[in-house]
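Contents: one structure, followed by commentary.
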Amino acid sequence: RKEFVDLYVNYVFNESIKKSFEDFMRGFSRGCPAKRWKMFLPVELQTVFQGQKKYDWHLLEKNVKYINYKKSDQTIKNFWTVFHKLPEEKKKTFLAFLSGSDRIPVNGLESSIFAIADPKEDNPDTRYPVVNTCSHILFLPR
């Protein structure tokens with residue numbers, strides 16, 4: 001029985017997917033040459049692909065740039081008060097809204113460039129916040 005189980009497990013996890021895995025590896029190696037990523041430990045490679053998992057939200061606040069706003073403006077104070085009261089999952093959702101990913105870049109939040117801009121709307125109460133994900137700019141109406 002042990003031999004049967006061993007052979008079956010080998011077939012399911014190795015032999016049955018061999019051709020598909022070889023095709024995948026060939027394509028993956030074309031985009032990510034092995035020479036470049038073999039220098040990483042598995043945990044480092046995981047961080048490169050997935051981003052960091054430690055979220056320091058106060059660091060995000062500290063590094064934000066303001067366009068047509070000052071840190072002392074009431075809108076900004078209100079924004080950060082509400083943001084810091086959000087549960088962790090909602091903060092990650094905001095990060096995904098802002099950047100397109102809920103993961104922190106490899107270099108961490110200290111290297112992230114994030115801005116809050118005043119879109120200078122005539123009637124800001126009729127506008128929702130919008131984001132330019134490429135530039136990481138949150139357009140926050142007053």
Side-chain angles (χ1 to χ4, degrees), residues 2 4-142:
K2 183 185 180 327
F4 173 79
V5 170
D6 289 344
L7 289 171
Y8 184 75
V9 167
N10 182 53
Y11 173 76
V12 169
F13 289 114
N14 298 314
E15 299 301 321
S16 69
I17 62 162
K18 190 174 190 175
K19 172 78 170 94
S20 298
F21 183 75
E22 286 171 354
D23 292 342
F24 166 78
M25 264 314 281
R26 194 170 28 263
F28 183 82
S29 296
R30 231 183 274 150
C32 297
K35 294 181 263 184
R36 305 249 166 110
W37 53 270
K38 280 190 175 181
M39 67 182 174
F40 295 104
L41 295 172
V43 116
E44 294 170 328
L45 191 58
Q46 182 177 7
T47 302
V48 168
F49 283 119
Q50 293 182 337
Q52 303 226 4
K53 294 181 182 177
K54 295 177 184 173
Y55 297 86
D56 183 351
W57 301 111
H58 292 284
L59 190 57
L60 178 69
E61 178 183 0
K62 179 183 170 196
N63 291 328
V64 73
K65 306 286 184 233
Y66 298 104
I67 303 169
N68 299 321
Y69 271 123
K70 294 179 185 149
K71 190 174 183 173
S72 60
D73 288 338
Q74 192 60 44
T75 302
I76 298 301
K77 288 178 181 178
N78 291 344
F79 172 81
W80 288 115
T81 299
V82 170
F83 179 82
H84 288 301
K85 288 181 181 178
L86 292 172
E88 191 73 9
E89 282 307 309
K90 293 289 184 181
K91 290 176 184 174
K92 289 179 186 177
T93 301
F94 171 75
L95 189 60
F97 175 65
L98 176 66
S99 66
S101 173
D102 67 349
R103 296 290 182 135
I104 296 170
V106 176
N107 297 336
L109 285 173
E110 59 272 3
S111 66
S112 296
I113 300 169
F114 164 48
I116 298 177
D118 181 358
K120 301 232 179 204
E121 296 289 335
D122 291 336
N123 189 359
D125 290 335
T126 63
R127 305 297 295 188
Y128 290 109
V130 293
V131 171
N132 180 326
T133 54
C134 296
S135 303
H136 299 160
I137 301 174
L138 171 66
F139 293 96
L140 185 66
R142 291 180 186 266

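This one's a predicted model, so the numbers in the text were calculated from it and none came from an experiment. All values below were derived from every heavy atom in this structure, side-chain atoms included, with hydrogens, water molecules and symmetry-related copies excluded.
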### Query
Roughly how far apart are N63 CG and E61 CD, rounded to 0.5 Å?
10.0 Å

### Task
Show your reasoning for whether side chain to side chain contact (heavy atoms under 4.5 Å, CB included) applies to L95 and W57.
CA-CA 10 Å; L95 189 60; W57 301 111; 4.2 Å; yes

### Task
Indicate the atoms forming the closest heavy-atom contact of T133 with G100, along with that distance.
CG2-N, 4.3 Å

### Task
On the 0 to 90° scale, with breaks at 30° and 60°, tag the H84-H58 ring pair as parallel, tilted or perpendicular.
parallel

### Task
Among F94, F114, F97, find the residue that satisfies the ring pair (Phe, Tyr, Trp, His ring centres under 6.0 Å) test when tested with F83.
F94

### Task
Could you tell me whether the side chain of Y66 and the main chain of D73 form a donor-acceptor pair under 3.5 Å?
no

### Task
Determine, step by step, whether I76 and K70 satisfy the side chain to side chain contact (heavy atoms under 4.5 Å, CB included) criterion, reporting the C-alpha distance in whole Å, the side-chain angles of both residues, the deciding distance to 0.1 Å, and the verdict.
CA-CA 8 Å; I76 298 301; K70 294 179 185 149; over 6 Å; no

### Message
Assess whether a salt bridge exists between K19 and E22, defined as any Lys/Arg side-chain N lying under 4.0 Å from an Asp/Glu carboxylate O.
### Response
no

### Summary
CD1 (I17) and OH (Y11) are apart, to the nearest 0.5 Å, by 11.0 Å

### Task
Please report the shortest heavy-atom distance between K77 and S72, naming the atom on each side.
CE-O, 3.3 Å

### Query
Backbone N or O of N123 within a donor-acceptor pair of the T126 side chain at under 3.5 Å?
yes

### Message
Pair T75, F79 - check side chain to side chain contact (heavy atoms under 4.5 Å, CB included), show working.
### Response
CA-CA 6 Å; T75 302; F79 172 81; 5.6 Å; no

### Task
To the nearest 0.5 angstrom, please state how far the OH atom of Y69 sits from the CD1 atom of I116.
8.0 Å

## Note on the structure
Of all heavy-atom pairs linking P129 and L140, the shortest is CG-CD1, 3.9 Å

### Query
Looking at OG1 of T81 and CG of L86, how far apart are the two atoms once the value is rounded to the nearest 0.5 Å?
11.0 Å

#### Entry: Carboxylate-amine/guanidinium contact R26 D23, below 4.0 Å
yes

### Message
So, taking the atom named NZ in K65 and the one named NZ in K71, what distance separates them when rounded to the nearest 0.5 Å?
### Response
11.0 Å

### Contact summary for S16 and V12, nearest pair of heavy atoms
OG-O, 2.9 Å

## Note on the structure
Between the CZ atom in F28 and the CZ atom in F21, the distance rounded to the nearest 0.5 Å is 9.5 Å

